[in-house]
Amino acid sequence: MTPLASGTVLFLVCCIYSFVVEYAHRRWPSARHYTFAEVVLGCAIVVAAASLAIGWEDAVVVALYFCVGGLPMSAGAIVGHVLDDHRAEQERKAEAIRGRVEEGRFSAD
C-alpha cells in the first residue's frame, strides 16, 4: 500500500478512534483516568498503519521503540492511580473514625 493510501486509512481510523474515546469519556467519566491506555492504543494504530507502507519488519522495530519509550509513563500512571486510590481509602477510614469519635461511639484509648 502506498504511503498516501495508508495515511488516508490512518486518518479515517483515527477519526473513528477519537469519537470512540470521546464517547467513552462521556459515558464513563472515570475513563479519563486511563489516558495512558488511550495513547498506547493510538500508537499501536499508527504503527499498524505504518507497517502497510514500511513493512512488518521495520514496523516491529518501531513498535518496540514505542514500547520502550512508553513503558515508564504507563507504569507511572498505574502506580499513581493505585497510590491515589490508597490515599483516598485511608482518608475515608480516618474520616469515619473521626465521625465516630465525635459522636462518642468510639474511644481513642
Report, one line per pair, each donor and acceptor closer than 3.5 Å where one atom sits in a side chain of residues 15-31; sequence neighbours left out.
residue: Y17; atom: OH; partner: E38; partner atom: O; Å: 2.6
residue: H25; atom: ND1; partner: R32; partner atom: NH1; Å: 3.1
residue: H25; atom: NE2; partner: E38; partner atom: OE2; Å: 2.7

Show which side-chain atoms of residues 61-89 pair as donor or acceptor with protein atoms under 3.5 Å away, not counting sequence neighbours.
residue: S74; atom: OG; partner: G70; partner atom: O; Å: 3.2
residue: H81; atom: NE2; partner: H33; partner atom: O; Å: 2.5
residue: D84; atom: OD1; partner: R87; partner atom: NH1; Å: 2.8
residue: E89; atom: OE1; partner: R92; partner atom: NE; Å: 3.4
residue: E89; atom: OE1; partner: R92; partner atom: NH2; Å: 2.7

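Among all heavy-atom pairs drawn from V46 and L10, the shortest one is CA-CD1, 3.9 Å. Closest approach of V47 and A59 over heavy atoms only: CG1-O, 3.5 Å.
No continuous path of ILVMFWY side-chain contacts below 4.5 Å connects F36 to L41, so the two sit in separate hydrophobic clusters.
Qualifying side-chain hydrogen bond (donor to acceptor under 3.5 Å, both in side chains) partners for Q90, counting only residues two or more places apart in sequence or in other chains: none.
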